[in-house]
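Everything numeric in this text was worked out from a predicted model, so none of it was measured.
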Amino acid sequence: TPHPQGCVLARPHRPLFGKKRDTSPAREPRPGFDDASEPMATIELDGRFRELNQAFSDLVGYPEADFKSAAWPPVMDRANLEKHREQMKQMIAGEIEAAEVNTGYVHAQGLLVPVIGTITLVKAGDAPDHFLLAAKS
């Protein structure tokens, strides 16, 4: 798939050379998240990944536990880094509800995979709690 920056991208949701085995401990199912076919991730307010569903893990090629060391926005997308950071600040300030994203991550096998979708602020009561990143499949 061609990417706007001219890079060749892997097809989302298809592991390139097989999946890396997820060795994280079993947890309670997360209805509406784990069973979603679209890639989804929750992100802490500081930009650290909190949770990934299986479709997002397949997209980036990493098990959920391993990808928690990754950050949003992706540092490798330097051209849009400041824009994505500003979007997060605007959501926390209540200036916008959600933002469109078009970026990418380096797959576990080394190819750039697109992450195109929406990031939304999720609140607990009236307070910001985390972001939900929903990628298009």
If we only count heavy atoms from C-beta on, is the [X] to [Y] side-chain gap below 4.5 Å?
{"X": "M91", "Y": "I119", "value": "yes"}
{"X": "V60", "Y": "H107", "value": "no"}
{"X": "P73", "Y": "M88", "value": "yes"}

Sequence neighbours left out, what passes salt bridge (Lys or Arg N to Asp or Glu O under 4.0 Å) with [X]? Give chain and number order.
{"X": "R85", "result": "none"}
{"X": "D35", "result": "none"}
{"X": "D126", "result": "none"}

Minimum-distance pair of heavy atoms, taken over all atoms of [X] and [Y]:
{"X": "A108", "Y": "G61", "value": "CB-O, 3.1 Å"}
{"X": "T120", "Y": "A98", "value": "OG1-CB, 3.7 Å"}
{"X": "L81", "Y": "P74", "value": "CD1-O, 3.7 Å"}
{"X": "D66", "Y": "S69", "value": "O-OG, 3.2 Å"}
{"X": "A55", "Y": "A36", "value": "CB-O, 4.3 Å"}
{"X": "P128", "Y": "L45", "value": "O-CD1, 3.5 Å"}

Interatomic spacing from CG in N53 to OG in S37 - rounded to 0.5 Å:
9.0 Å

Listed by chain and number, what are the side-chain contact (heavy atoms from CB on, under 4.5 Å) partners of [X], not counting sequence neighbours?
{"X": "A71", "result": "none"}
{"X": "K68", "result": "E64"}
{"X": "A70", "result": "F49, F67"}

Let me check something: do [X] and [Y] share a hydrophobic cluster, defined by ILVMFWY side-chain heavy atoms less than 4.5 Å apart, either directly or through other members?
{"X": "I43", "Y": "M40", "result": "no"}
{"X": "I92", "Y": "V122", "result": "no"}
{"X": "L52", "Y": "L132", "result": "no"}
{"X": "L121", "Y": "V101", "result": "yes"}
{"X": "I96", "Y": "L133", "result": "yes"}

Pair listing, ring pair (Phe, Tyr, Trp, His ring centres under 6.0 Å) test, anchored in residues 108-127, at least two apart
none

For residues 72-98, which residue pairs pass the ring pair (Phe, Tyr, Trp, His ring centres under 6.0 Å) check, not counting sequence neighbours?
W72-H84

With E44 via side-chain hydrogen bond (donor to acceptor under 3.5 Å, both in side chains) - residues at least two apart:
R50

Quick one about N80 and T103 (side-chain donor to acceptor, distance below 3.5 Å, no hydrogens or angles considered), yes or no?
no

Go through it in stages, so that I can follow the logic: the residues are T42 and F33, the test is side chain to side chain contact (heavy atoms under 4.5 Å, CB included), and I'd like the CA-CA distance, side-chain angles, deciding distance and then a yes or no.
CA-CA 10 Å; T42 59; F33 187 76; 4.1 Å; yes

Determine which pairs satisfy salt bridge (charged side-chain N to carboxylate O under 4.0 Å, His left out) with at least one residue from residues 96-125, sequence neighbours left out, and list them in order.
none

Backbone N/O of I116 and side chain of N102: donor-acceptor pair under 3.5 Å
no

Check whether any side-chain N or O of D77 sits under 3.5 Å from a backbone N or O of G104 as a donor-acceptor pair, and report yes or no.
no

Sidechain N-carboxylate O distance under 4.0 Å for E51, R30
yes

